[in-house]
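So the structure is just underneath, and the comments pick up after that.
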Amino acid sequence: MTIKHVMSALAMVAAASGAQANTVLSESFDDVAALASAGWVQVNASTAPLGNAWFQGNSGIFAAASGAANAYVAANFLSTGSTTGAVSNWLMTPELSLDGSSALAFLVRTAGDGFLDKIEVRLSTSGASADVADFGTLLGSFQASTDTGWVGLSYTLNGVAAPTTGRLAFHYVVDNVATAGNYLGIDDVVVTSAIPEPTTYLLMGLGVAGLMLRRRFTA
């Protein structure tokens with residue numbers, strides 16, 4: 001048997017064996033000020049934007065889902081400086097390695113009080129780009145005008161045909177702050193993907209190679 005035969009057999013073993021979840025990103029927002037140094041990007045495209053308006057959670061409005069009471073990231077109607085303006089405030093993850101097995105899970109909560117808050121979850125497969133025009137894929141959205149408590153959401157990226165790099169974005173949307181928009185928080189963001197089990201591959205591969213060598217010397 002040739003090395004080519006051995007490698008072909010190993011490839012078949014790899015294809016047949018299982019996969020395990022690999023954590024690509026985990027963020028609990030203990031320190032929102034440190035997000036930029038970790039590769040997160042903010043883009044405030046609101047009417048008359050007031051800077052980068054995602055901020056450390058306010059425990060006086062509601063507490064984080066886990067950890068310290070203020071350990072979540074939040075945005076509110078003050079993303080715009082106009083009393084009748086629209087909010088379009090983006091929080092983008094660092095550039096990530098993504099494929100069809102990738103999945104996003106996170107918690108979201110709105111303050112309610114009768115004002116509709118909405119969050120869109122969007123995907124860009126344009127590498128490190130932070131251009132909002134590249135986030136054309138809408139994975140899903142959540143909106144509420146009442147405080148429903150922390151709500152867990154998850155989305156799969158099975159539409160990604162081949163391994164690539166890109167970003168996921170949380171897009172806080174309010175059509176008109178005169179009638180909607182209050183306060184929204186996000187906590188415990190986790191991105192996972194499926195990867196081969198290297199130990200299983202190695203053990204099975206060695207077994208296949210051993211059988212081939214045995215056949216060669218006993219033939």
Side-chain angles (χ1 to χ4, degrees), residues 21-46 48-81 83 85-96 102-123 130 135 139-155 167-192:
N22 174 47
T23 300
V24 177
L25 175 70
S26 179
E27 180 58 62
S28 55
F29 302 107
D30 295 323
D31 185 0
V32 171
L35 290 179
S37 62
W40 290 74
V41 174
Q42 294 191 40
V43 176
N44 191 352
S46 305
L50 292 178
N52 294 331
W54 287 89
F55 51 87
Q56 195 73 50
N58 184 343
S59 59
I61 297 177
F62 53 72
S66 61
N70 70 339
Y72 64 96
V73 66
N76 64 13
F77 67 97
L78 292 176
S79 298
T80 173
T83 57
V87 171
S88 175
N89 205 349
W90 298 74
L91 177 65
M92 305 172 185
T93 69
E95 182 182 7
L96 304 172
S102 300
L104 165 69
F106 66 99
L107 299 173
V108 62
R109 183 172 179 176
T110 61
D113 294 332
F115 295 98
L116 184 68
D117 284 307
K118 180 179 180 180
I119 190 77
E120 295 179 342
V121 182
R122 292 187 170 271
L123 166 68
F135 291 82
L139 298 178
S141 63
F142 174 85
Q143 61 182 17
S145 58
T146 60
D147 183 355
T148 58
W150 287 103
V151 176
L153 300 176
S154 62
Y155 302 100
R167 296 181 189 266
L168 295 162
F170 301 98
H171 182 207
Y172 179 49
V173 185
V174 176
D175 292 336
N176 185 345
V177 294
T179 58
N182 187 10
Y183 180 95
L184 178 143
I186 293 173
D187 203 356
D188 294 338
V189 172
V190 177
V191 179
T192 59

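For the numbers below, each heavy atom of this structure counts, side chains included, while hydrogens, waters and symmetry mates do not. Small disclaimer: the values here were computed from a predicted structure and weren't measured.
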Given side-chain contact (heavy atoms from CB on, under 4.5 Å), test F135 with E120 step by step and report yes or no. CA-CA 11 Å; F135 291 82; E120 295 179 342; over 6 Å; no
Evaluate side-chain contact (heavy atoms from CB on, under 4.5 Å) for E27 paired with L35, printing each intermediate quantity in order. CA-CA 9 Å; E27 180 58 62; L35 290 179; 3.8 Å; yes
Evaluate side chain to side chain donor-acceptor pair (under 3.5 Å) for D117 paired with T110, printing each intermediate quantity in order. CA-CA 7 Å; D117 284 307; T110 61; 5.2 Å; no
Kindly determine whether D147 and R109 satisfy side-chain contact (heavy atoms from CB on, under 4.5 Å), including the steps that lead there. CA-CA 7 Å; D147 183 355; R109 183 172 179 176; 2.9 Å; yes
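Between V190 and S26, the shortest heavy-atom contact is CG2-OG, 4.2 Å. P94 approaches R167 most closely through the heavy-atom pair CA-NH1, 3.5 Å. Taking every heavy atom of both residues into account, A111 and N182 meet most closely at CB-ND2, 3.6 Å. The two residues V191 and L104 come nearest to each other via the heavy atoms CG2-CD1, 3.8 Å. Residues A53 and F55 share a closest heavy-atom pair of O-CD2, 2.9 Å. The two residues S79 and V87 come nearest to each other via the heavy atoms CB-CG1, 3.7 Å.
Contact of the L168 side chain with the L139 side chain is registered, since non-hydrogen atoms from C-beta on lie closer than 4.5 Å. Between V177 and F115 the shortest side-chain heavy-atom distance does not fall below 4.5 Å.
Separation of atoms CZ (F106) and CH2 (W150) is listed at 10.5 Å; rounding is to 0.5 Å. Here the straight-line distance linking atom NZ of K118 with atom OG of S145 works out to 13.5 Å at 0.5 Å rounding. Rounded to the nearest 0.5 Å, atoms CG (L153) and CD1 (I119) are 10.0 Å apart. In this structure, CD1 in I186 is found 10.0 Å from CG in L107, a value given to the nearest 0.5 Å. Here CD of E95 is found 12.5 Å from CG of L25. Values are rounded to the nearest 0.5 Å.
Between F170 and W54, the ring centre distance reaches or exceeds 6.0 Å.
Every pair passing side-chain hydrogen bond (donor to acceptor under 3.5 Å, both in side chains) that includes a residue from residues 28-45 is listed here, sequence neighbours excluded: S28-D30, N44-S46.
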N/O donor to acceptor pairs below 3.5 angstrom from side-chain atoms of residues 60-78, sequence neighbours left out:
{"from": "S66", "atom 1": "OG", "to": "D188", "atom 2": "OD1", "distance (Å)": "3.3"}
{"from": "S66", "atom 1": "OG", "to": "D188", "atom 2": "OD2", "distance (Å)": "3.1"}
{"from": "Y72", "atom 1": "OH", "to": "N58", "atom 2": "N", "distance (Å)": "3.3"}
{"from": "Y72", "atom 1": "OH", "to": "N58", "atom 2": "O", "distance (Å)": "2.9"}
{"from": "Y72", "atom 1": "OH", "to": "F62", "atom 2": "O", "distance (Å)": "2.8"}
{"from": "Y72", "atom 1": "OH", "to": "Y183", "atom 2": "OH", "distance (Å)": "2.8"}
{"from": "N76", "atom 1": "OD1", "to": "L78", "atom 2": "N", "distance (Å)": "3.0"}

